[in-house]
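Everything below concerns the one structure shown next.
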Amino acid sequence: MAPKAPKNSTTFPIYVLNGPNLNLLGTREPEVYGYNTLADIQKAVTARAKAHGLTVAFKQSNHEGVLVDWIQEARIKGCGVILNAGAYTHTSVALLDACRALTNPLIEVHLSNPYKRENYRRRSFIAEAADAMICGLGAAGYVIAVDAMAGLLKEQKE
Ligand code: DQA
């Protein structure tokens, strides 16, 4: 794969960004999204990153512009980004544009498999900028994304 991240990207945290309504995980449609809370996912992701010698900046917002700001922040710092944009995945050209401007790896994550669901969830704007997408594996998908990100960042350094 073509290197994208600057060589110092492993010295900065991986940005794990979560979009609208993901603060409700654990109680929001658990039959779709599972019983893990966002705090549970943060704990698992942080531990896995640590095992790779990496740190994580784990954030959630219900506001599109705030997510754009964080993606730009990751761009300036040269960080890898793991993004579950929630419903903005299917609507936001602003998030796509911010993601396109990233120079470091981007992995899109979804707890559910949007391709098994309503038609309107089958379009992802984020996918047009992402290096990879992990979906349908619940909270485990985030941990797998950390493993994948660690691999991409390592590739960069070599
Ligand atoms: C989601 C899937 C989206 O379609 C939905 O709007 C979400 C969560 C997921 O993680 O499965 O909020 O991104």
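Just so you know, ligand 1 is whichever comes first in the structure, and atom 1 is the first atom listed for that ligand.
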**Study point:** With sequence neighbours excluded, residues passing side chain to side chain donor-acceptor pair (under 3.5 Å) with H52
**Key:**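 If we apply the side chain to side chain donor-acceptor pair (under 3.5 Å) test to H52, skipping adjacent residues, the hits are D147.
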
Review point. Are N84 and ligand 1 in contact, using a heavy-atom cut-off of under 4.0 Å?
Key: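 The answer is yes: ligand 1 sits under 4.0 Å from a heavy atom of N84.
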
**Study point:** Close approach of E108 to ligand 1, heavy atoms, under 4.0 angstrom
**Key:**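 No, E108 has no heavy atoms under 4.0 Å from ligand 1.
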
Review point. Just checking, is any N or O donor in the side chain of S112 or R117 under 3.5 Å from an acceptor N or O on the other one?
Key: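 There is such a pair (donor and acceptor under 3.5 Å, judged by atom type) between the side chains of S112 and R117.
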
Looking only at protein heavy atoms, which one is nearest to [atom], and what is the separation?
{"atom": "atom 8 (C) of ligand 1", "value": "Y33 CE2, 3.5 Å"}
{"atom": "atom 9 (C) of ligand 1", "value": "L111 N, 3.4 Å"}
{"atom": "atom 12 (O) of ligand 1", "value": "R28 NH2, 3.0 Å"}
{"atom": "atom 6 (O) of ligand 1", "value": "R121 NH1, 3.0 Å"}

**Study point:** Where ligand 1 meets S112 - atom numbers and elements under 4.0 angstrom, heavy-atom basis
**Key:**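 Answer, ordered by atom number: 2 (C), 9 (C), 11 (O).
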
**Study point:** Residue H90 vicinity, atoms of ligand 1 by number, heavy atom under 4.0 Å
**Key:**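 Listed by number with element: 3 (C), 4 (O).
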
Review point. For ligand 1, is any non-hydrogen atom under 4.0 Å from H110's backbone (N, CA, C, O), its side chain (CB onward), both, or neither?
Key: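 Looking at H110 and ligand 1, atoms from backbone and side chain both fall under 4.0 Å.
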
**Study point:** Pairwise distance OH(Y33) to CZ(R28) - rounded to 0.5 angstrom
**Key:**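 The distance works out to 4.0 Å.
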
Just distances here: any N/O of [X] and N/O of ligand 1 closer than 3.5 Å?
{"X": "A87", "value": "yes"}
{"X": "P114", "value": "no"}
{"X": "T89", "value": "no"}

Review point. Can you tell me if E128 uses its side chain to pair, donor with acceptor, with the backbone of L96 under 3.5 Å?
Key: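 Such a contact is absent between E128 side chain and L96 backbone.
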
Practice item. Applying side-chain contact (heavy atoms from CB on, under 4.5 Å), name anything that partners A49, two or more places apart in sequence or on another chain. Key: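 Result, side-chain contact (heavy atoms from CB on, under 4.5 Å) vs A49: L54, V56, V146.
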
Check your understanding: Taking L106 as the fixed residue, which of I71, L152, I82, V81 is the one that meets the side chain to side chain contact (heavy atoms under 4.5 Å, CB included) rule?
Key ->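 Answer to the side chain to side chain contact (heavy atoms under 4.5 Å, CB included) test with L106 among I71, L152, I82, V81: V81.
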
Practice item. Could you pull out the closest heavy-atom pair between L22 and G86, with the gap in Å? Key: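 Heavy-atom minimum between the residues: CD1-N, 4.3 Å.
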
Check your understanding: What are the two closest non-hydrogen atoms of F125 and H90, and how far apart are they?
Key ->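 So the two residues come closest at CE1-O, 3.4 Å.
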
